[in-house]
Amino acid sequence: MTEESKAIAIRPILNLPDTMNLAKVFVESGFFTDTKTVAQAVVKIMAGHEYGFGPFAALSGIHLIQGKPTLSPRGTLALIHQCGEMAGMKITEKPGICTVWMKRKNGFEYEVSFSIEDARRAGLVKPGGAWELYGANMARWRAIGFCADVVFPDVIGGLRRADELGAAIDITGN
């Protein structure tokens with residue numbers, strides 16, 4: 001391990017007035033429909049900053065569900081790839097079910113499956129909804145999230161996934 005790789009990354013402190021001005025632009029843009037106020041945008045930008053996300057990535061990957069910042073499954077996977085601790089990942093899809101295996105560099109590994117039947121039991125499948133239209137993709141993101149919870153809880157840093165708190169996840173994992 002080189003000295004450079006041992007160095008702790010220090011992120012610059014966010015300047016609150018500048019962050020608030022940026023947040024105002026993001027809210028007024030209408031691009032982030034789950035962010036209704038400047039205060040919500042500031043919280044998402046600050047939370048994202050702690051995890052190494054820029055402002056746009058923070059507003060795309062962090063969602064406020066039941067008043068708490070949460071990560072989208074896609075944001076969770078981005079953090080895992082960014083941390084450099086993943087030794088392997090495998091996604092196996094069969095009709096109606098997705099299995100995800102992840103392994104850390106320290107050797108810890110875990111595998112989990114999620115099926116459309118699991119989604120039905122959880123009340124996630126709605127007529128004309130994403131689970132009905134894109135079930136395989138939805139099962140993939142759910143399985144990725146559940147596997148990440150076990151293998152990389154330190155990387156996720158205690159943030160819950162939006163889907164855990166009942167948020168609707170779209171086919172892209174947001």
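These values consider heavy atoms only, across backbone and side chains, with no hydrogens, waters or symmetry-generated copies.
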Exercise for the section: For Phe56, enumerate each residue passing the side chain to side chain contact (heavy atoms under 4.5 Å, CB included) test, keeping only those at least two apart in sequence or located in another chain. Expected result: Phe26, Phe32, Ser60

Practice task
Could you grab the distance from atom OG1 of Thr76 to atom CD1 of Ile144, nearest 0.5 Å is fine?
Solution key: 10.0 Å

Problem - Shortest non-hydrogen contact between Gly88 and Trp101, atoms and distance - result: C-CZ3, 3.7 Å

Problem - Backbone N/O of Tyr51 and side chain of Gln82: donor-acceptor pair under 3.5 Å - result: yes

Fill in the blank from the handout: Taking every heavy atom of Ala58 against every heavy atom of Phe53, the minimum-distance pair comes out as N-CB, 3.9 Å

Problem - Distance-only polar pair, side chains of Thr99 and Ser113, donor-acceptor under 3.5 Å - result: yes

Handout entry: Validation row: Ile91, Met89 side chains within 4.5 angstrom (heavy atoms)
Key = yes

Practice task
Taking all heavy atoms of Ala143 and all of Val112, pick out the closest pair and write down the distance.
Solution key: O-CG1, 3.4 Å

Exercise for the section: Enter the distance from Leu71:CG to His63:NE2 here, rounded to the nearest 0.5 Å. Expected result: 8.5 Å

Practice task
Please report the closest heavy-atom contact between Leu124 and Trp131, naming both atoms and the distance.
Solution key: O-CD1, 3.4 Å

Practice task
Verify, without hydrogens or angle tests, whether Arg104 (side chain) and Ala87 (backbone) share a donor-acceptor contact under 3.5 angstrom.
Solution key: no

Handout entry: Met20, CE: over 12 other non-hydrogen atoms inside 6.0 angstrom
Key = no

Practice task
Establish whether Phe146 and Val150 are linked, either directly or via other cluster members, by ILVMFWY side-chain heavy-atom contacts under 4.5 Å.
Solution key: yes

Practice task
Determine, for Arg140 against Glu93, whether the closest basic-nitrogen to carboxylate-oxygen distance falls under 4.0 angstrom.
Solution key: yes

Exercise for the section: Side-chain contact test, heavy atoms from C-beta onward, threshold under 4.5 Å: evaluate it for Pro95 versus Ile97 and give yes or no. Expected result: no

Show me, pair by pair, the donor-acceptor contacts under 3.5 angstrom made by side chains of residues 35-48, not counting sequence neighbours?
| from | atom 1 | to | atom 2 | distance (Å) |
| --- | --- | --- | --- | --- |
| Thr35 | OG1 | Lys44 | NZ | 2.7 |
| Lys36 | NZ | Thr33 | O | 2.6 |
| Thr37 | OG1 | Gln40 | N | 3.0 |
| Gln40 | OE1 | Lys36 | N | 2.7 |
| Gln40 | OE1 | Thr37 | N | 3.3 |
| Lys44 | NZ | Asp34 | OD1 | 3.2 |
| Lys44 | NZ | Asp34 | OD2 | 3.3 |
| Lys44 | NZ | Leu59 | O | 3.4 |
| Lys44 | NZ | Ile62 | O | 2.9 |

Handout entry: Reported CE-to-CE distance for the pair Met102 and Met86, which is rounded to 0.5 angstrom
Key = 4.5 Å

Problem - N/O donor-acceptor pair under 3.5 Å between Asp118 side chain and Ser115 backbone - result: yes

Handout entry: Phe108 atom CZ, over 12 foreign heavy atoms within 6.0 Å
Key = yes

Fill in the blank from the handout: Here the gap from Glu111 atom CD to Cys147 atom SG, rounded to the nearest 0.5 Å, amounts to 8.0 Å

Practice task
Considering non-hydrogen atoms only, spot the tightest contact between Phe114 and Ala139 and give its length.
Solution key: O-CB, 3.6 Å

